[in-house]
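All residue numbers in this chain count up from 1 along the given sequence.
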Amino acid sequence: MELELRHLRTIRAIADAGSLTRAATALGLAQPALSAQLRRIERALGGALFERGRHGVRTTALGELVLERTRVVLPAVSELQREAARFARTRRVGQRLRLGGTHGPLLGALVDRLADAAPGTTVTTCASWSERELAELLAEGRLDFALTGTCGSAPPPDPPHLVWEEIAVDPVFVMLADGHPLAAEREVDLAALADEEWACVPGDGCFADCFTAACARAGFSPRRMYETDIASCVHLVQVGRAVGLCRATFPPTPGLAIRPLAGTPLMWRHLLGRHPAGQRQDTADTVLTQAREAHAGAAARSDSYAQWLAGRRPGVADDVRRPVPPPPPAASITRGQGVG
């Protein structure tokens, strides 16, 4: 009999269960059938893998050797299966890009730019509030690229093998109603908003913790945070029910005053994620270039951001970076491969 993966899984199940009875239950087999299978496996391997006793089974020295190998072989085979499935899904179609993104203007702007940069490519989109969900979709091969971000210098979502490249780093601004007493200020101290209620879109990163920590440094705890969609956040601010947090690139909106926070207590780092085996490098370079151009366009349309940048003194808020110079644009897409 030749050893097969299912035999290794059987050995692993017996060792994990600690008895043939429990292992048989977990595997959905009758105990006599499992015992007979184990004897065949032991004959193929040349010796006993387990010592049977009144209280279950214990691995022999040979059993320990085999189990140690299963800890390497079984995860490697599972990873191979996932990679093969992802590879096959990626290449079943010709020129197609599947983009994911969290809330904000960059996803739509990237789709628009790719329509000009790669007119023969079919682009589909997937929006999610969850940075972790987008990362998992990348790892599983169900997305080709994901636009997301992190608070300040926090690490990106951590499924293995993903590549994250920086698009730009922005300050976080505050949204006020046009009639708010602080709307006429050039910038707003976070401490001056201690009595306000807040509005923000949901997410599963560390932004909420970073905001709470920034408030604590300013000497207060936020009274209430309304987590809801962008349109509802804007409405709550417009009617004076709350003030909102937004990225500096948030577009001009009637009824709103977008103002910097003094001292730049919060930062947002825009990231583009991908699986290194998912697309050819020239395709990845093209998408990154267009994402950076999309951010630059959004920044240029924001009067409050432009005024803030113009008023910065050298050495102040050095962590705020304009879009990183893009790599040379690829000729084409290659075949087969807070609030706003």
Pair R113-E293, side-chain contact (heavy atoms from CB on, under 4.5 Å): steps then yes or no: CA-CA 8 Å; R113 296 193 62 85; E293 292 292 337; 3.3 Å; yes
Take S221 and T212 through the side-chain contact (heavy atoms from CB on, under 4.5 Å) test and state the conclusion after the steps. CA-CA 7 Å; S221 296; T212 301; over 6 Å; no
Begin from the C-alpha positions of Q307 and D303 and carry the test side chain to side chain donor-acceptor pair (under 3.5 Å) through to its verdict. CA-CA 6 Å; Q307 292 169 5; D303 291 340; 5.6 Å; no
How far apart are the C-alpha atoms of L256 and L176, what are their side-chain angles, what is the distance that settles it, and do they pass the side-chain contact (heavy atoms from CB on, under 4.5 Å) test? CA-CA 6 Å; L256 295 185; L176 306 169; over 6 Å; no
Working note: T59 + L67, criterion side-chain contact (heavy atoms from CB on, under 4.5 Å); need CA distance, chi angles, decisive distance, verdict. CA-CA 9 Å; T59 54; L67 282 171; 3.3 Å; yes
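Using a 4.5 Å heavy-atom cutoff, the side chains of T264 and V172 are not in contact. The closest side-chain heavy-atom distance from L5 to L8 is below 4.5 Å. Between M175 and V243, the closest side-chain pair of non-hydrogen atoms is not below 4.5 Å. L147 is listed as a side-chain neighbour of I167, based on a closest heavy-atom distance under 4.5 Å. Side-chain contact check for T121 versus R96: every heavy-atom pair is 4.5 Å or farther apart.
When atom types are taken as modelled, the side chain of T253 and the backbone of P251 share a donor-acceptor pair closer than 3.5 angstrom. With hydrogens and angles ignored, the 3.5 Å screen pairs a side-chain donor or acceptor of Q238 with a backbone N or O of P254. In this structure a side-chain-to-backbone donor-acceptor pair under 3.5 Å is present from T60 to G63.
To the nearest 0.5 Å, the span separating CG on L27 from OG1 on T25 amounts to 9.0 Å. Distance check: L245 CG to F250 CZ gives 11.5 Å after rounding to the nearest 0.5 Å. Taking CD of E4 as the start and CZ of R9 as the end, the distance is 10.5 Å to the nearest 0.5 Å. Distance CG/L114 to OG1/T286: 8.5 Å, rounded to 0.5 Å. Once rounded to the nearest 0.5 Å, the distance linking NE2 of H7 with CD1 of I41 reads 5.0 Å. How far CD1 of I11 is from CZ of R69: 12.5 Å, rounded to the nearest 0.5 Å.
Shortest non-hydrogen contact noted between A214 and L266 is CB-CD2, 4.1 Å. Between E166 and R269, the closest heavy-atom pair is OE1-CD, 3.1 Å. When all heavy atoms of L34 and L20 are compared, the pair lying nearest together is CD2-O, 3.5 Å. Among all heavy-atom pairs drawn from F173 and P171, the shortest one is CE1-CG, 3.5 Å. Closest approach of P222 and F220 over heavy atoms only: N-CD1, 3.9 Å. Contact between A248 and S304 at its shortest, heavy atoms only, is O-OG, 4.5 Å.
With sequence neighbours excluded, no residue satisfies salt bridge (Lys or Arg N to Asp or Glu O under 4.0 Å) with E64. Under the side chain to side chain donor-acceptor pair (under 3.5 Å) criterion, E68 pairs with R71, sequence neighbours left out. Residues passing the salt bridge (Lys or Arg N to Asp or Glu O under 4.0 Å) test with R259, sequence neighbours excluded: none. In this structure, E227 has no salt bridge (Lys or Arg N to Asp or Glu O under 4.0 Å) partners at least two apart in sequence or on a different chain.
Taking the six-membered ring where tryptophan is involved, the planes of F207 and F211 are essentially parallel, since the angle between them stays under 30° and well short of 60°.
Sorted by first and then second residue, the pairs that involve residues 202-222 and meet salt bridge (charged side-chain N to carboxylate O under 4.0 Å, His left out), not counting sequence neighbours, are R132-D204. A side-chain hydrogen bond (donor to acceptor under 3.5 Å, both in side chains) check over residues 29-38, counting only residues at least two apart or in different chains, returns the pairs T10-Q37, T21-Q31. Note on residues 109-155: pairs passing ring-ring contact (aromatic ring centres under 6.0 Å, His included), not counting sequence neighbours, are H103-W129. Among residue pairs with one or both ends in residues 39-53, those qualifying as salt bridge (charged side-chain N to carboxylate O under 4.0 Å, His left out) are E42-R52, E51-R58; sequence neighbours excluded. Sorted by first and then second residue, the pairs that involve residues 14-31 and meet salt bridge (charged side-chain N to carboxylate O under 4.0 Å, His left out), not counting sequence neighbours, are R12-D16.
In the hydrophobic clustering of this structure, V163 does not group with L288; members are Ile, Leu, Val, Met, Phe, Trp, Tyr whose side-chain heavy atoms approach within less than 4.5 Å, directly or through other members.
Its side chain within the 4.5 Å cluster rule, L138 clusters with L134, L137, L143, L162, W164, L271 among the Ile, Leu, Val, Met, Phe, Trp and Tyr residues.
Judged by distance alone, the side chains of H295 and D170 do bring a donor and an acceptor atom under 3.5 Å apart.
Of the charged side-chain nitrogens involved, none lies within less than 4.0 Å of a carboxylate oxygen, so that R142 and E136 do not count as a salt-bridged pair.
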Enumerate, atom names and distances included, each donor-acceptor pair closer than 3.5 Å involving a side-chain atom of residues 228-236, sequence neighbours excluded.
| residue | atom | partner | partner atom | Å |
| --- | --- | --- | --- | --- |
| D229 | OD1 | S232 | OG | 3.0 |
| D229 | OD2 | A231 | N | 3.2 |
| D229 | OD2 | S232 | N | 3.0 |
| D229 | OD2 | S232 | OG | 3.4 |

Kindly list each side-chain donor-acceptor pair under 3.5 angstrom involving residues 186-201, sequence neighbours excluded, with atom names and distances?
| residue | atom | partner | partner atom | Å |
| --- | --- | --- | --- | --- |
| E196 | OE2 | H180 | NE2 | 2.7 |
| E197 | OE1 | Y226 | OH | 2.7 |

